[in-house]
Amino acid sequence: MAKDGPAAGKDQKKTAASNQTVQWWKLPTLEELGQEYQEEQKGKVKKNKAQEIDPWTVEAATDEHGQSLAFDYEAISREWATKLIDQPLLDRFEALTGKRPHMWLRRGLFFSHRDLDRILDCYERGDDFFLYTGRGPSSDSMHIGHTISFEFTKWLQDVFDVPLVVMLTDDEKALFKEKLTFEEVMEFARQNAKDIISFGFDVKKTFIYSDLKYIPYNGGHMMLNAWEFSKLVNFNQVRGAFGFNGSTSTGRIFFPSLQCVAAFATSYPHIWGDDPDSDFRSKKTAAIPCLIPCGVDQDPYFRLVRENAGRMKNKSPKPALLHAKFFSALQGPGGKMSASIPNSAIFMSDTMNQIKKKINSYAFSGGQETKELQQELGGNPDVDVSYQYITYFDDDDEKIAKIADDYRKGKLLTGELKAICIKLLQEYVKRFQDNRAKVTDDVMKSFMTPRKLEWKGNPNPKKPESKQKVADRTKQAGSAGAEKS
Ligand code: TRP
């Protein structure tokens with residue numbers, strides 16, 4: 001084009017990718033354009049890209065050089081119209097439960113919610129509700145990032161004393177991972193169940209199930225819920241939420257209905273003492289609210305269930321949600337721990353020595369190059385991955401504040417900061433490994449058997465509820481559920 005040619009007076013042009021100057025009439029070789037350019041062409045490096053988050057894609061935004069930026073969680077919350085967790089909400093939580101909010105709430109690892117206040121209302125009245133979380137068993141090993149929602153859910157179960165269901169979406173993984181077979185994922189589900197049990201859940205209050213095993217044999221009501229739900233939701237609705245298109249397999253298109261109806265109490269008649277063989281699902285059970293702790297990438301499923309819960313024949317309230325941030329990769333902000341990139345993550349099967357090596361070699365540091373520079377200029381804890389991990393694994397606020405202060409002032413060296421982090425992670429992983437060794441097949445079976453659960457809920461409810469009130473709320477749940485999400 002003329003504007004690029006000699007007539008325009010330009011005899012040189014900069015390549016977009018590398019800022020290298022090459023003469024315009026001589027086509028640059030690939031080497032001249034540099035590796036960065038080649039990777040961009042292969043689609044590996046994306047520049048100036050907005051962040052992309054859904055259940056199957058978690059990618060941070062990139063700058064003009066293709067470098068990953070940190071995730072912008074406030075933007076996610078704004079875009080999806082969730083509420084950020086604030087101090088008044090945590091104060092109310094503490095006043096009602098008598099428990100100091102978990103450090104992951106205080107320090108923003110769980111940063112956003114939908115209707116947590118309604119769950120607190122329930123707890124205050126002494127009404128039943130249940131917890132629901134899950135995992136897609138895509139491999140037999142979990143990294144620290146995978147464990148966050150389980151460690152946190154165990155804490156919530158202790159605080160609220162309520163039933164918990166854990167859904168293992170082996171069906172989802174076989175459908176969405178081209179290479180995985182249905183046989184493989186069922187075995188992963190069993191191994192993952194053992195991992196999950198290691199967080200110390202109370203078997204009396206916890207039901208863990210694999211979709212492929214529970215639903216065909218004992219989950220008739222869950223399947224009924226899924227069929228009824230799928231009848232309410234058309235392809236346009238899931239296409240938008242999940243990015244499906246005409247070549248998406250029909251299994252993938254149906255699957256969201258299952259993950260959604262797992263939030264309805266009627267999917268587990270055994271837990272509440274309802275008859276699982278009846279054609280009818282209990283109206284009263286359908287009205288039991290649900291709280292879902294999950295990674296924020298799972299929100300699209302639960303928006304869908306919130307939009308449709310009130311349209312079911314037996315109406316359920318919109319499930320409440322607690323959203324977690326992604327656990328940073330060792331390499332720093334914008335990365336998410338990934339099971340397929342071994343050096344991005346600390347695995348729960350890592351040895352103590354591997355943990356030490358990974359933190360020392362890969363954890364992104366906000367410190368200076370040398371000891372002398374660190375003492376003179378100080379480090380930056382805000383971008384330091386070891387410091388961030390410390391804030392997630394040490395409950396002591398004063399100690400954390402002192403570490404940050406000492407690091408900034410250069411009193412604490414990078415090696416010393418890493419040593420603190422290594423010790424905390426080793427303790428966390430060791431405790432897990434010791435518990436895991438005790439989970440036998442029989443223990444696993446006891447958690448995975450459909451049965452009636454036992455819980456007590458709030459020991460000091462505000463006032464016992466009359467039958468009339470329960471009936472009113474059942475009605476209300478119906479109309480509230482019918483509103484827009
Ligand atoms: N889809 C989730 C995953 O791939 C698993 C899951 C199912 C889940 N139900 C959930 C996660 C509820 C959190 C909350 O990991």
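For reference, positions follow the sequence shown, starting with 1. Atoms within a ligand are numbered from 1 in the order they appear, just like the ligands themselves. Just so it is clear, the values below take in all heavy atoms, side chains as well, and ignore hydrogens, waters and symmetry mates. Remember, it's a predicted structure, so these values are computed and weren't measured experimentally.
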>> Does only the side chain of Thr169 get under 4.0 Å from ligand 1, or the backbone, or both, or neither? Count heavy atoms.
In response: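 Side chain only.
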
> At under 4.0 Å between heavy atoms, which part of Phe176 makes contact with ligand 1: side chain, backbone, both or neither?
Replying inline: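 It is neither part, as no heavy atom is under 4.0 Å.
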
Enumerated ligand 1 atoms positioned under 4.0 Å from heavy atoms of [X]:
| X | answer |
| --- | --- |
| Cys294 | 13 (C), 14 (C) |
| Thr133 | 12 (C), 13 (C), 14 (C) |
| Met167 | 7 (C), 9 (N) |
| Arg135 | 5 (C), 6 (C), 15 (O) |
| Phe302 | 12 (C) |

Side chain [X], main chain [Y], donor-acceptor under 3.5 Å:
| X | Y | value |
| --- | --- | --- |
| Trp155 | Glu151 | no |
| Arg106 | Asp395 | yes |
| Asp161 | Lys456 | yes |
| His102 | Leu105 | no |
| Tyr214 | Thr449 | no |

Top protein contact for [atom], by heavy-atom distance:
| atom | answer |
| --- | --- |
| atom 3 (C) of ligand 1 | Gly136 N, 3.3 Å |
| atom 2 (C) of ligand 1 | Gln298 OE1, 3.3 Å |
| atom 11 (C) of ligand 1 | Gly134 O, 3.3 Å |
| atom 9 (N) of ligand 1 | Tyr132 OH, 2.9 Å |

> What do the steps show when you test Arg281 against Asn225 for side-chain hydrogen bond (donor to acceptor under 3.5 Å, both in side chains), and what is the final call?
Replying inline: CA-CA 9 Å; Arg281 289 154 285 166; Asn225 280 335; 2.7 Å; yes

